[in-house]
2 protein chains.
Amino acid sequence: MRELNHPPRKSLTLTGVLYALSDPVRLAIVKHLAEDGGKACGTFCLPVAKSTASHHFRVLREAGVIQMRPEGTQYINSLRREDLDARFPGLIESVLRATGPI
Amino acid sequence: MRELNHPPRKSLTLTGVLYALSDPVRLAIVKHLAEDGGKACGTFCLPVAKSTASHHFRVLREAGVIQMRPEGTQYINSLRREDLDARFPGLIESVLRATGPI
DNA sequence: TCTATCGTTCGTAAACGATAGAACAATTAA
DNA sequence: TTAATTGTTCTATCGTTTACGAACGATAGA
């Protein structure tokens, strides 16, 4: 797998991040990654086809929410918590802490 | 002007609120309302036609982000801060505090 | 009344986004 | 070399979203 592009911290936009987080599938990915990072794409049990899942991982990556590190035949995903906390303090934490209807 | 429907606090969804906030025009509305609430729709100087602005106000209202109270020929808008804070503690504050690229 | 104001609603067009299947590329294991 | 695994990319579809102008409705004021 080849190295993918990730936006630098400074160019993350608030609307971009909010939009990336506003989809239930993507929010589920983010919540899983917050609990234990370093998971490959295939380990998420998402209710969509793998091409659709790939699309969602890409949206999260391009918004700067996750990092995708190639390793063998898979990508290891992790939350870009430090970058997110630096750019939008408290945002991710409040999103992760939210309860109730998705 | 007639009374409009507002979702009850309990039925606000995280993805719905995040989506409503993920548009630059709507985010601008929310930021203005956070600075001083009780503003009519026409006072916002938005870069879109009034029918489009009306659409954005509706999206914010239906997501539970703002309240629109009819008064004479206009609607007085305000942030539903208490409801938002109760459902998603810290979320709105972090969104309002965010700096840098929109 | 008549008029002006404020915002919604309607109709329409263009752009976007979520979805999936098929084909592809890269890597690993047999 | 062959096969299996992992995930991407391509293509297409379908519904949603944003946008605008025109028309409409409600209210206030002259």
Side-chain angles (χ1 to χ4, degrees), chain A residues 1-7 13-30 32-33 37-78 102, chain B residues 1-7 13-30 32-33 37-78 102:
Chain A
M1 301 302 219
R2 77 171 196 282
E3 202 75 32
L4 300 175
N5 274 346
H6 293 78
T13 67
L14 179 56
T15 51
V17 169
L18 292 174
Y19 181 79
L21 296 172
S22 73
D23 179 273
V25 173
R26 292 195 291 264
L27 190 56
I29 293 172
V30 168
H32 280 129
L33 284 180
K39 299 177 66 181
C41 298
T43 67
F44 284 82
C45 292
L46 302 172
V48 291
K50 67 175 181 172
S51 57
T52 304
S54 183
H55 159 72
H56 286 306
F57 279 101
R58 179 210 270 253
V59 171
L60 287 170
R61 173 175 55 80
E62 292 184 338
V65 176
I66 67 172
Q67 219 226 337
M68 301 177 70
R69 179 170 51 83
E71 190 170 305
T73 67
Q74 46 191 23
Y75 281 105
I76 304 300
N77 301 281
S78 55
I102 304 166
Chain B
M1 300 299 220
R2 77 171 194 282
E3 203 75 32
L4 299 176
N5 275 346
H6 292 78
T13 67
L14 178 57
T15 51
V17 169
L18 292 175
Y19 179 78
L21 296 173
S22 74
D23 178 272
V25 173
R26 293 195 291 265
L27 189 58
I29 293 172
V30 168
H32 280 129
L33 284 179
K39 297 177 66 182
C41 298
T43 67
F44 283 82
C45 294
L46 302 173
V48 292
K50 65 176 182 173
S51 57
T52 304
S54 183
H55 158 72
H56 285 304
F57 280 101
R58 180 210 267 252
V59 171
L60 286 170
R61 172 176 56 80
E62 292 182 339
V65 177
I66 68 171
Q67 219 228 337
M68 301 177 70
R69 178 172 50 82
E71 189 171 304
T73 66
Q74 46 192 25
Y75 282 104
I76 304 300
N77 301 281
S78 54
I102 304 166

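A, B, ... follow the sequence lines: proteins, then strands. Residue 1 opens every chain. Not measured: the values here are computed from a predicted model. Hydrogens, waters and symmetry mates play no part in the numbers below; they use all other heavy atoms, side chains included.
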Now, which nucleotide makes the Watson-Crick or G-U wobble pair with D/dA30, with each of the two distances under 3.5 Å? C/dT1

What orientation do A/F44 and A/F57 show, parallel under 30°, tilted 30 to 60°, or perpendicular over 60°? perpendicular

Taking CD from A/E62 and P from C/dC16, how many angstroms apart are they, rounded to a whole number? 14 Å

If you check every side-chain atom of B/H55, which of D/dT17, C/dG7, D/dT6 has the closest atom? D/dT17

Pairwise 5' ranking along DNA chain D for B/Y19 and B/S51, keeping only the more 5' one: B/Y19

C/dG7 base / B/S54 side chain donor-acceptor hit below 3.5 Å: no

Check this for me: B/I102, atom CD1, are more than 12 non-hydrogen atoms of other residues, nucleotides or ligands nearer than 6.0 Å? no

Pairing residues for A/H32 by the side chain to side chain donor-acceptor pair (under 3.5 Å) criterion, not counting sequence neighbours: none

Is A/R58 near enough to D/dG7 that one of its side-chain N or O atoms lies under 4.0 angstrom from OP1 or OP2? no

Check each residue of residues 39-49 of chain B for a non-hydrogen atom within less than 4.0 Å of any atom in DNA chain C, then write out the ones that pass by number, or none. B/A40, B/C41, B/G42

B/L27, B/L46, B/I29 screened by side chain to side chain contact (heavy atoms under 4.5 Å, CB included) with B/H56, the one that passes: B/I29

Roughly, in whole Å, what's the span from CG in A/L60 to P in D/dT8? 12 Å

Between B/N5 (CG) and C/dT9 (P), how many Å, whole number? 11 Å

Please find the pair of heavy atoms, one from B/S22 and one from A/T15, that lie closest to each other, and give the distance. O-CB, 3.3 Å

Can you figure out which of D/dA19, C/dA22, C/dT9 approaches the side chain of B/T52 most closely? D/dA19

When every non-hydrogen atom of B/A63 is compared with those of B/P7, the smallest separation belongs to C-CG, 4.3 Å

Without decimals, in angstroms, what is the distance between B/I66 CD1 and C/dG7 P? 12 Å

For A/A53 and A/V48, work out which heavy atoms get closest and say how close. N-CG2, 3.8 Å

I need the CZ-P distance between A/F57 and D/dT9, as an integer number of Å. 14 Å

Phosphate OP1/OP2 of D/dT5 contacted by A/Y75 side-chain N/O (<4.0 Å): no

Is there side-chain contact between B/N77 and B/M68, with at least one heavy-atom pair below 4.5 Å? yes

Mate of C/dA22 where both pairing distances stay under 3.5 Å, Watson-Crick or G-U: D/dT9

Might you list the N or O atoms of the protein lying below 3.5 Å from N or O atoms in nucleotides 23-30 of chain D, with each pair's distance?
from: D/dA26; atom 1: O3'; to: B/M1; atom 2: N; distance (Å): 3.0

When the distance from CD of A/Q74 to P of D/dA4 is rounded to whole Å, what number comes out? 18 Å

Starting from P on C/dG7, measure out to CD on B/E3 and report it in whole angstrom. 15 Å

Would you name the heavy atoms of A/P70 and A/M1 that are closest together and state the gap between them? CB-O, 3.6 Å

Which heavy atom of B/R61 sits nearest a heavy atom of B/N5, and at what distance? NH1-O, 2.7 Å

Taking atom C1' of C/dT9 as reference, at what distance in whole Å does atom CZ of B/R61 sit? 12 Å

